[in-house]
Amino acid sequence: MSRGLRFLKPGKMSLQNQLSEAVKSAVKQLYNVELESTEFQPTRKDFEGDITLVVFPMLKQIKSNPAKLGEEIGNYLKENIAEISDFNVVKGFLNLVIADAYFLNFFTEIKQQENFGLIPPATNARGIMVEYSSPNTNKPLHLGHIRNILLGYSVAEILKAAGNKSYKTQIINDRGIHICKSMLAWQRFGNGETPEITGLKGDKLVGNYYVKFDQEYKKEISELIEQKGISEEAAKAEAPILVEAKQMLLKWEAGDPEVVALWEKMNQWVYDGFEKTYEAIGVDFDENYYESDTYLLGKDVVNQGLEKGVFYKKEDGSVWIDLSDEGLDEKLVLRSDGTAVYMTQDIGTAIQRVKDFDINGMVYTVGNEQDYHFKVLFLILKKLGFDWADYLYHLSYGMVDLPSGKMKSREGTVVDADDLMAEMTDTARKISAELGKLEGYSEEEKKELYRIIGLGALKYYILKVDPKKRILFNPEESVDFQGNTGPFIQYTYARIRSILRKAGDIYNKPVSVGYKLHLKEKELLKQLQLYPETIQLAAENHSPALIANYVYDLVKEFNSFYQQVSILGADTEAEKHFRVQLAAEVARVIKSGFKLLGIEVPERM
RNA sequence: GGUCGCAUAGCUCAGCUGGAUAGAGCACCUGCCUUCUAAGCAGGCGGUCCCAGGUUCGAAUCCUGGUGCGAUCACCA
């Protein structure tokens with residue numbers, strides 16, 4: 001064979017893709033067969049090798065026995081590919097040993113990259129808007145919102161890292177009967193309380209009156225049943241406080257100046273409160289959308305759709321869409337009195353966003369209880385003829401439940417977002433105090449560190465779980481700080497940073513040629529190699545959990561390495577230089593991966 | 001009842017487009033801090049991958065049926 005040795009190109013293409021090409025040409029040479037596909041997997045730890053070709057699937061195209069086929073392909077690859085230094089065949093698995101040089105090249109490559117694993121968005125990159133949070137303005141944010149917020153924020157970051165342009169937004173549910181309930185209760189029982197007077201966060205204050213409303217409402221219902229002897233159903237409808245709230249909503253829709261002024265005042269309190277919570281969580285938005293702004297546009301669009309025949313009007317004047325051909329029901333899009341429903345304003349909001357931003361896709365981070373709603377919404381937008389309707393995605397996540405069941409704001413059975421974050425920070429403080437490793441840190445620095453760790457624990461705890469699974473949160477068993485946790489990963493980062501501070505300028509020294517990799521070093525390099533594809537996978541699946549699990553595996557691998565070999569006390573200078581640099585790369589990837597999750601990392605802990 | 005989702009160790013979770021003996025953490029047990037941070041490492045214990053069929057060289061993974069849990073099927077959001 002006259003063809004010279006071929007070399008693999010680290011960084012240009014994944015090892016797997018390159019080997020796939022090599023195997024295909026091997027099979028072409030050896031058997032004159034065009035292979036359709038190849039299947040690789042990482043070699044299991046119990047066998048020698050770095051990557052394994054599964055030969056079984058090839059038997060369909062090549063008549064042979066698996067062991068013989070493996071041997072022949074292995075021989076060919078060893079002779080023709082420079083970096084394949086050895087191989088062995090076990091049953092139908094061809095285990096390939098990749099030469100150190102390949103991994104060292106890869107390492108040199110990523111060292112020079114500013115943002116290893118991340119793809120900068122091309123000028124023609126897809127623009128995607130991620131909606132998350134979508135709060136009602138009658139109550140504070142709770143643990144359920146936290147999952148929503150963390151997921152949405154992280155997915156937006158991941159999409160950006162995967163080469164898209166992404167924008168973050170929220171829809172604020174600022175109108176409707178819920179806010180009128182808080183307003184009415186405040187009017188009746190509030191005695192002019194304000195956030196300033198009480199020292200309460202605005203959202204908390206308004207939330208208290210929402211609860212107050214519900215208490216009064218229940219009281220009135222039972223009184224009605226007792227005194228008038230009417231049914232519970234009738235009592236629920238007739239309760240004076242509810243009737244009055246409904247009247248208030250009508251006044252609001254009619255633009256009654258007094259009601260609108262109260263509405264604006266109380267909503268502003270809530271926005272100020274939300275802002276503090278968002279800041280504490282560490283998330284932001286490129287744009288806010290308000291239901292009170294977009295529901296009118298939705299109504300316009302429905303009327304246009306009516307003319308186009310997408311919708312139809314019933315005798316009572318209500319407007320519907322028939323989705324029975326798609327296996328769904330008929331769905332209301334406008335009430336008989338002409339007022340908007342949830343669907344109406346979501347149609348309007350979607351269209352407004354595409355007008356406002358350079359986007360052709362959207363991700364809605366909303367709980368799985370609304371799966372049906374979004375199925376319908378996407379279908380409607382498609383029927384209305386918007387081509388971007390094909391790129392809408394409902395990031396549907398499981399509910400966060402308590403051991404006692406669902407969280408209910410009205411009944412006060414919620415885990416408050418602000419309280420929870422404060423508790424996590426306090427736990428971080430207690431643990432840090434016990435360990436006592438922070439001498440030399442000012443109170444200010446310590447406080448900041450507790451915040452980073454506490455928040456890291458909470459965020460990781462929530463994000464490491466597959467979004468579609470429901471989470472059972474037990475407040476009694478506090479979130480862990482050991483094992484597969486945020487603080488564990490942060491701790492590993494801090495340890496590396498500590499080494500790097502001591503190592504000085506070793507980082508810039510070149511890696512010596514012909515360096516013989518330690519087994520653990522090689523494992524780390526293999527894990528680092530997976531970072532870019534992990535980001536892509538996480539983006540495709542809208543799953544921060546994939547990033548979390550990846551970083552955890554990397555950190556496990558590093559700690560094992562750290563324990564087994566000495567970095568600063570290595571036997572040779574070459575080893576010391578390489579290990580310091582390797583540790584530095586691991587730290588960079590930990591930081592980078594955690595940034596995609598919205599989690600910060602500390603210099604010490 | 002229709003539709004959708006979930007079911008893996010005592011508990012919390014991984015398991016990529018089907019691949020070798022199903023992996024982590026917590027809990028429990030045993031070792032390791034006079035050498036870079038023990039929020040760590042090494043090891044032990046622990047499995048009917050919900051059940052039954054099917055597809056195939058091979059199934060936790062795909063298909064069918066069933067069971068359990070959750071959600072949804074509003075002129076609520």
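Numbered from 1 within each chain, the chains take letters A, B, ... in sequence-line order.
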Which of the following nucleotides, [options], is nearest to the side chain of [X]?
X	options	result
A:Asn368	B:C36, B:A71, B:A24	B:A71
A:Asp46	B:U21, B:G25, B:A77	B:U21
A:Ser560	B:C36, B:C41, B:C69	B:C41
A:Gln41	B:A20, B:U37, B:G15	B:A20
A:Thr43	B:U8, B:A77, B:A20	B:A20
A:Lys375	B:A77, B:U3, B:G19	B:U3
A:Lys468	B:C6, B:A38, B:A20	B:C6
A:Arg495	B:C26, B:U37, B:A20	B:U37
A:Glu369	B:U72, B:G40, B:G19	B:U72
A:Lys469	B:G19, B:A14, B:C26	B:A14

For this session: Before accepting this row, confirm whether a basic side-chain N of the pair A:Glu523/A:Lys526 lies closer than 4.0 Å to the acidic partner's carboxylate O.
Result: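 Yes.
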
Exercise. In terms of side-chain geometry, is the basic nitrogen of A:Lys139 or A:Asp203 positioned less than 4.0 Å from the acidic oxygen of its partner?
Worked result: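 Looking at A:Lys139 and A:Asp203, the cut-off is not met.
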
Rounding to an integer number of angstrom, what distance separates [N] and [M] when you compare their [atom1] atoms?
N	M	atom1	value
B:G1	B:G44	P	48 Å
B:G2	B:G15	P	31 Å
B:A20	B:A59	C1'	14 Å
B:C63	B:G18	C1'	13 Å
B:A60	B:C13	C1'	15 Å
B:C57	B:G5	C1'	33 Å
B:C45	B:C50	C1'	25 Å
B:A42	B:G25	P	8 Å

Problem set entry | B:A24 base stacked by A:Tyr552 (centroids within less than 5.5 Å, tilt under 30°) |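 No, aromatic ring not over the base.
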
For this session: Output yes if the stacking criterion (under 5.5 Å between centres, under 30° between planes) is met for A:Phe56 over the base of B:G58, else no.
Result: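 No, A:Phe56 does not stack on the base of B:G58, since the centre distance and plane angle fail the 5.5 Å and 30° test.
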
Exercise. Does B:C4 fall in syn (glycosidic angle within 90° of 0) or anti?
Worked result: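 For B:C4, whose glycosidic angle is more than 90° from 0, the conformation is anti.
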
For this session: Just call it for A:Thr492: base, sugar-phosphate, or nothing, with non-hydrogen atoms closer than 4.0 Å on any strand.
Result: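 No contact at all - A:Thr492 keeps every heavy atom at 4.0 Å or more from the nucleic acid.
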
Exercise. Between A:Lys314 and A:Trp320, is NZ or CZ placed under 6.0 angstrom from the six-membered ring centre and within 45° of the ring axis?
Worked result: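 A:Lys314 over A:Trp320 ring: yes.
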
Exercise. Within 45° of the six-membered ring axis of A:Tyr562 and under 6.0 Å from that ring's centre, is NZ or CZ of A:Arg495 located there?
Worked result: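 Yes, A:Arg495 sits over the ring of A:Tyr562.
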
For this session: Map A:His373 and A:Phe481 onto RNA chain B by nearest heavy atom, then report which one ends up closer to the 5' terminus.
Result: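 First, find each residue's nearest nucleotide; the 5'-ward one identifies A:Phe481.
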
Rounded to whole angstrom units, what separation is found between the [atom1] atom of [X] and the [atom2] atom of [N]?
X	N	atom1	atom2	answer
A:Tyr210	B:A77	OH	P	12 Å
A:Phe473	B:C13	CZ	P	12 Å
A:Arg470	B:C4	CZ	C1'	16 Å
A:Tyr397	B:C6	OH	P	17 Å
A:Arg604	B:U37	CZ	P	10 Å
A:Asp322	B:C73	CG	P	18 Å
A:Leu334	B:A77	CG	P	12 Å
A:Glu434	B:A38	CD	C1'	14 Å

For this session: If the plane angle is over 60° it's perpendicular, under 30° parallel, otherwise tilted; pick one for A:Tyr295 and A:Trp252.
Result: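 A:Tyr295 vs A:Trp252 ring planes: tilted.
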
Exercise. Between the side-chain atoms of A:Thr52 and the base atoms of B:A20, is any donor-acceptor pair under 3.5 Å?
Worked result: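 Yes, a donor-acceptor pair under 3.5 Å.
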
Exercise. Between the base of B:A42 and the side chain of A:Asn559, is there any donor-acceptor pair under 3.5 Å?
Worked result: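 Such a pair does not exist between side chain and base.
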
Exercise. Which of these, A:Tyr217, A:Tyr210, A:Phe213, sits in a side-chain contact (heavy atoms from CB on, under 4.5 Å) with A:Arg410?
Worked result: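 Going through the options one by one, the only one that passes is A:Tyr210.
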
Problem set entry | Closest non-hydrogen atom pair between A:Ala457 and A:Val479, with its separation |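 Of all heavy-atom pairs spanning A:Ala457 and A:Val479, the closest is O-CG1, 3.7 Å.
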
